[in-house]
Amino acid sequence: MGMDGAASGPGGQGRPRGPGSLAVRLRREQEVLARMRGTEDRIADAITAFAGTMQFVYIHAAWFTVWIVCNEGVFGQEAVWDPFPFGLLTMIVSLEAIFLSAFVMVSQNRQAARENIRADLDFETNVRSEVWSIHMGRALGVDPAEVERKVQEVLAENRARLTGSGQSSG
């Protein structure tokens with residue numbers, strides 16, 4: 001790291017590493033998210049990730065096919081353990097669906113929590129940027145009231161475009 005606080009070398013040429021830098025913000029976000037993630041969460045994520053693959057579908061298709069073929073007596077009556085209407089298979093599949101939906105909900109809840117943390121960090125970054133902008137503007141002699149009036153004008157024009165009214169305030 002150089003004397004000016006910037007990282008040097010191949011991986012961090014000239015990138016600031018101070019308290020407000022992007023690298024610090026990302027590291028902080030990753031630390032917060034890592035603290036949120038326990039063993040149960042990692043297991044739920046792994047199961048949910050696997051359940052969302054084609055491999056999962058193929059394994060189940062093969063499993064159901066073997067189950068039904070065996071229980072239809074294709075390999076003899078001694079191979080039948082769950083005759084039609086396959087009550088045991090139905091119960092197993094229902095239990096699997098219950099657990100898979102619970103794992104998906106756990107993963108979704110944690111994803112929502114991650115999004116909330118990211119939104120909070122984004123808000124902090126926006127506030128930090130606004131404060132810096134105001135201070136730099138004052139140092140350069142820019143009138144903050146004039147800048148805010150222009151910002152409100154641009155926002156009103158964008159809102160009008162989004163709502164389709166086409167009216168602007170300028």
Side-chain angles (χ1 to χ4, degrees), residues 1-2 4-135 151 155 158-159 162-163:
M1 188 167 311
D4 62 347
S8 59
Q13 293 148 340
R15 283 188 270 149
R17 299 287 183 188
S21 75
L22 179 61
V24 171
R25 181 189 182 279
L26 291 175
R27 186 171 51 245
R28 183 169 162 219
E29 179 179 338
Q30 291 165 350
E31 289 168 1
V32 169
L33 295 177
R35 280 195 306 266
M36 287 176 48
R37 198 163 184 230
T39 302
E40 296 91 358
D41 295 327
R42 283 191 286 277
I43 291 169
D45 282 345
I47 291 171
T48 302
F50 177 66
T53 65
M54 286 307 294
Q55 184 180 9
F56 180 82
V57 173
Y58 299 145
I59 289 170
H60 279 73
W63 171 35
F64 296 155
T65 301
V66 169
W67 189 290
I68 292 169
V69 166
C70 286
N71 286 293
E72 282 295 319
V74 172
F75 299 113
Q77 284 305 111
E78 60 277 352
V80 174
W81 68 89
D82 184 27
F84 183 83
F86 314 117
L88 181 60
L89 177 63
T90 302
M91 182 185 72
I92 290 170
V93 170
S94 296
L95 286 172
E96 181 183 38
I98 290 167
F99 281 106
L100 282 176
S101 64
F103 290 130
V104 167
M105 287 188 288
V106 166
S107 292
Q108 287 177 337
N109 287 343
R110 203 176 52 270
Q111 180 64 31
R114 282 194 296 258
E115 293 302 321
N116 286 338
I117 289 169
R118 286 186 180 122
D120 289 345
L121 292 171
D122 284 345
F123 178 75
E124 286 179 18
T125 300
N126 291 340
V127 169
R128 184 174 286 113
S129 296
E130 186 169 352
V131 169
W132 271 98
S133 296
I134 289 169
H135 285 290
V151 166
L155 289 175
N158 283 333
R159 284 188 198 109
L162 287 174
T163 60

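Counting only heavy atoms from C-beta outward, the side chains of Phe84 and Asn71 never approach each other to under 4.5 Å. Two residues are said to be in side-chain contact when any heavy atoms from C-beta on lie closer than 4.5 Å; Tyr58 and Thr53 fail this criterion. With contacts defined as side-chain heavy-atom distances shorter than 4.5 Å, the pair Val93/Phe64 qualifies. Side-chain atoms of Met91 and Leu88, non-hydrogen and from C-beta on, do get closer than 4.5 Å to each other.
Closest approach of Phe56 to Phe50, counting heavy atoms only: CB-O, 3.3 Å. Residues Ala51 and Leu100 share a closest heavy-atom pair of CB-CD2, 3.7 Å. Looking at every heavy atom in both residues, Ala44 comes nearest to Ser107 through O-OG, 3.7 Å. When all heavy atoms of Leu89 and Asp82 are compared, the pair lying nearest together is N-OD2, 3.0 Å.
In this structure, the ring of Trp132 has its center no less than 6.0 angstrom from the ring center of His135.
Not counting sequence neighbours, Glu72 has no partner by the salt bridge (Lys or Arg N to Asp or Glu O under 4.0 Å) test.
Within the model, atoms CD of Glu96 and OG of Ser101 stand 10.5 Å from one another, a figure rounded to the nearest 0.5 Å. Ile92 contributes atom CD1, which lies 8.0 Å from atom CG of Leu95 (distance to the nearest 0.5 angstrom). Going from atom CG of Asn116 over to atom CG of Leu121 covers 11.0 Å, rounded to the nearest 0.5 Å. Within the model, atoms CD of Glu130 and OG1 of Thr125 stand 13.0 Å from one another, a figure rounded to the nearest 0.5 Å. Taking CD1 of Ile59 as the reference point, atom CE of Met54 lies at 11.5 Å (rounded to 0.5 Å).
Among residues at least two apart or in separate chains, salt bridge (charged side-chain N to carboxylate O under 4.0 Å, His left out) pairs with a member in residues 41-65 are Arg37-Asp45, Asp41-Arg110, Asp45-Arg110.
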